[in-house]
Amino acid sequence: MKLKLLTLSLPALLLANAHAAEPQATPPQCLLAAQGGTAVPDKNGDFDLEKCLSKAGSPNFSRKGKTLTVFLANGKKAVFKNSKSEEGDSVYTYAGFDPATGLHQVSFFEDNPEWPSVGYTLLDPNAGQLGHVYGQLPAHAVSPDRQWVVSSRNCGMDSCSITDSIAISRLPARGMRGEVKDSELIIPADVPEEQRGQGNGDVTIVGVAWLSPQQAQLEISCRNSTSGKLHKDQVSLSQSGERWALERTPCVTVASAGKGKQAVADTSRSTGSLRAGMSLDEVEKLFGRAADGFKINPLALLGKKEITRVWKGRNGQVEVVFVGDVVSSWR
């Protein structure tokens with residue numbers, strides 16, 4: 001009889017042990033090519049990450065109908081249940097575990113009639129639910145010290161402010177309880193307030209490259225609300241106390257000579273004044289504005305904090321290499 005009871009309970013014991021194991025990272029077959037994986041979206045451009053993880057046998061979660069269960073440390077778990085009501089529908093989907101940050105992600109869609117919301121719930125295996133990050137999480141959204149997370153929000157308006165589109169939030173310390181808290185984002189006064197957002201439409205962060213825990217380069221997709229065309233921009237984000245500041249306003253087109261084109265400088269006469277050792281402020285004063293773009297060598301993140309800033313002009317462009325905020329070379 002004892003042997004029979006043990007035999008019957010063995011599958012349950014194995015399942016419990018599987019869920020008690022360390023959380024597993026998302027395998028390559030469940031990562032898209034842009035994330036370094038081999039997954040391929042369907043013909044509509046969609047990809048069901050939770051379904052892929054389930055097929056791969058991920059022990060991080062289970063799905064039973066409308067109920068999603070995420071397994072945490074010490075036998076604890078977080079339960080999310082899809083629902084429909086007069087107040088709106090709620091849908092939750094498991095979105096993977098990142099060993100580098102030690103965070104589970106659960107994406108959510110809440111169809112509230114007054115203000116629909118999308119985003120992610122972050123869970124620390126030891127501390128449980130940390131709260132919500134609204135909007136989309138771009139690649140490498142969390143800072144190297146795991147104190148901050150950058151998110152991209154779509155405010156649903158053609159002329160929304162940059163602070164409605166870009167957010168940075170503080171995370172509780174690893175393994176500690178707490179809530180995700182938004183930090184103030186400082187927008188430079190490089191563009192008149194009335195011109196910010198004009199013609200930009202959606203401002204979406206598609207990638208983050210951290211130069212240090214206190215500085216990152218944001219790769220941004222800009223959709224023109226008039227033409228519908230997309231173009232890319234890059235802008236620096238740096239910490240200033242408990243606040244964060246953008247180097248310049250991204251995705252903004254400033255009229256020049258009444259022609260509606262982006263203002264450009266004559267780089268041919270400016271390059272002769274460049275010299276090694278100049279500060280970033282000195283170079284920006286030389287060109288009369290912040291850089292028009294950036295080039296980042298991923299290998300540089302492992303050594304010197306090197307970044308190439310690009311100024312475009314009527315006669316071409318100048319690429320200035322900075323180590324820290326000091327000019328090293330240019331071409």
Can you list the steps and then say if Ser117 with Glu110 is a side-chain hydrogen bond (donor to acceptor under 3.5 Å, both in side chains)? CA-CA 5 Å; Ser117 59; Glu110 297 175 348; 3.3 Å; yes

Check the pair Ile307, Leu211 against side chain to side chain contact (heavy atoms under 4.5 Å, CB included), reporting the backbone distance first and the verdict last. CA-CA 9 Å; Ile307 180 173; Leu211 305 180; 4.3 Å; yes

Check the pair Val327 / Val283 against side chain to side chain contact (heavy atoms under 4.5 Å, CB included), numbers first and verdict last. CA-CA 8 Å; Val327 174; Val283 177; 3.5 Å; yes

Stepwise side chain to side chain contact (heavy atoms under 4.5 Å, CB included) check, Leu171 with Val142: CA-CA 9 Å; Leu171 293 169; Val142 180; 4.0 Å; yes

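Atom CD of residue Gln105 and atom OG1 of residue Thr26 lie 8.5 Å apart, to the nearest 0.5 angstrom. With rounding to the nearest 0.5 Å, the separation of OG in Ser240 from CD in Gln214 is 11.5 Å. Atom-to-atom distance recorded for Lys84:NZ and Asn82:CG is 9.5 Å, nearest 0.5 angstrom. Here the straight-line distance linking atom OG of Ser238 with atom CG of Leu246 works out to 8.5 Å at 0.5 Å rounding. Rounding to the nearest 0.5 Å places CD1 of Ile186 at 4.0 Å from CZ of Arg243. Note: Ser90 OG to Phe109 CZ = 9.0 Å, rounded to the nearest 0.5 Å.
By the 4.5 Å heavy-atom criterion applied to side chains, Cys222 and Asp233 are counted as neighbours. Residues Val206 and Gln136 have side chains not in contact (no heavy-atom distance under 4.5 Å, counting atoms from C-beta outward). Residues Lys232 and Ile220 are not in side-chain contact: their nearest non-hydrogen atoms beyond the backbone lie 4.5 Å or more apart. Considering only heavy atoms from C-beta on, Pro27 comes within 4.5 Å of Leu53 through its side chain. Counting heavy atoms from C-beta outward, Thr67 and Val79 have side chains that approach closer than 4.5 Å. Residues Cys30 and Leu49 meet the side-chain proximity criterion, which asks for heavy atoms closer than 4.5 Å. The shortest side-chain heavy-atom distance between Gln217 and Ser236 falls under the 4.5 Å cut-off. Within the 4.5 Å cutoff, the side chain of Leu280 has heavy atoms near those of the Phe322 side chain.
Using bins of under 30°, 30° to 60° and over 60° for the plane-to-plane angle, the ring pair Phe108/His132 lands in the perpendicular bin.
Here the closest non-hydrogen pair linking Arg63 and Tyr92 is NH2-O, 2.7 Å. When all heavy atoms of Ala39 and Gln29 are compared, the closest pair comes out as CB-O, 3.4 Å. Scanning both residues, Ala25 and Pro99, for their nearest heavy atoms gives CB-CG, 3.3 Å. Listed here is the closest heavy atom pair of Ser54 and Phe61: N-CZ, 3.9 Å. In plain terms, the two heavy atoms of Leu123 and Thr121 that are nearest each other are CD1-O, 3.8 Å. Residues Pro213 and Gln239 share a closest heavy-atom pair of O-OE1, 4.4 Å.
Proximity of a side-chain donor or acceptor of Asp42 to a complementary backbone N or O of Asn44 within less than 3.5 Å is detected. Between the Ser143 side chain and the Gln147 main chain, a donor and an acceptor come within less than 3.5 Å of each other. Judged by distance alone, with hydrogens and angles left aside, the side-chain atoms of Asp124 form a donor-acceptor pair with the main-chain N or O of Gly175 at under 3.5 Å. Side chain of Trp210 to backbone of Asp145: no donor-acceptor contact under 3.5 angstrom is found.
Under the 4.5 Å side-chain heavy-atom criterion for grouping Ile, Leu, Val, Met, Phe, Trp and Tyr, Leu185 is connected to Val235 within one hydrophobic cluster. One hydrophobic cluster, built from ILVMFWY side chains closer than 4.5 Å, holds both Leu32 and Phe97. Each of Leu130 and Phe71 belongs to its own hydrophobic cluster when Ile, Leu, Val, Met, Phe, Trp and Tyr are linked at side-chain heavy-atom distances under 4.5 angstrom. Residues Leu137 and Leu103 share a hydrophobic cluster, clusters being chains of Ile/Leu/Val/Met/Phe/Trp/Tyr side chains in contact below 4.5 Å. Phe80 and Tyr134 fall within the same hydrophobic cluster, defined by Ile, Leu, Val, Met, Phe, Trp and Tyr side-chain heavy atoms under 4.5 Å apart, directly or through other members.
Between the side chains of Glu50 and Thr93, no donor-acceptor pair is found at a separation under 3.5 Å. Side-chain atoms of Asp281 and Ser279 include no donor-acceptor pair closer than 3.5 Å.
Using a 4.0 Å cut-off between a side-chain N of Lys or Arg and a carboxylate O of Asp or Glu, Glu247 and Arg309 qualify as a salt bridge. Salt-bridge formation is not detected for the pair Asp48/Lys55: no Lys NZ or Arg NE/NH1/NH2 atom is positioned less than 4.0 Å from an Asp or Glu carboxylate oxygen. Taking 4.0 Å as the cut-off between side-chain N and carboxylate O, Asp98 and Arg146 do not count as a salt-bridged pair.
Tested against Leu237 for a side-chain contact (heavy atoms from CB on, under 4.5 Å), the candidates Ile166, Leu218, Ile205 yield a single pass: Leu218.
Residue Asp46 places its CG atom among more than 12 non-hydrogen atoms of other residues, nucleotides or ligands, all under 6.0 Å distant.
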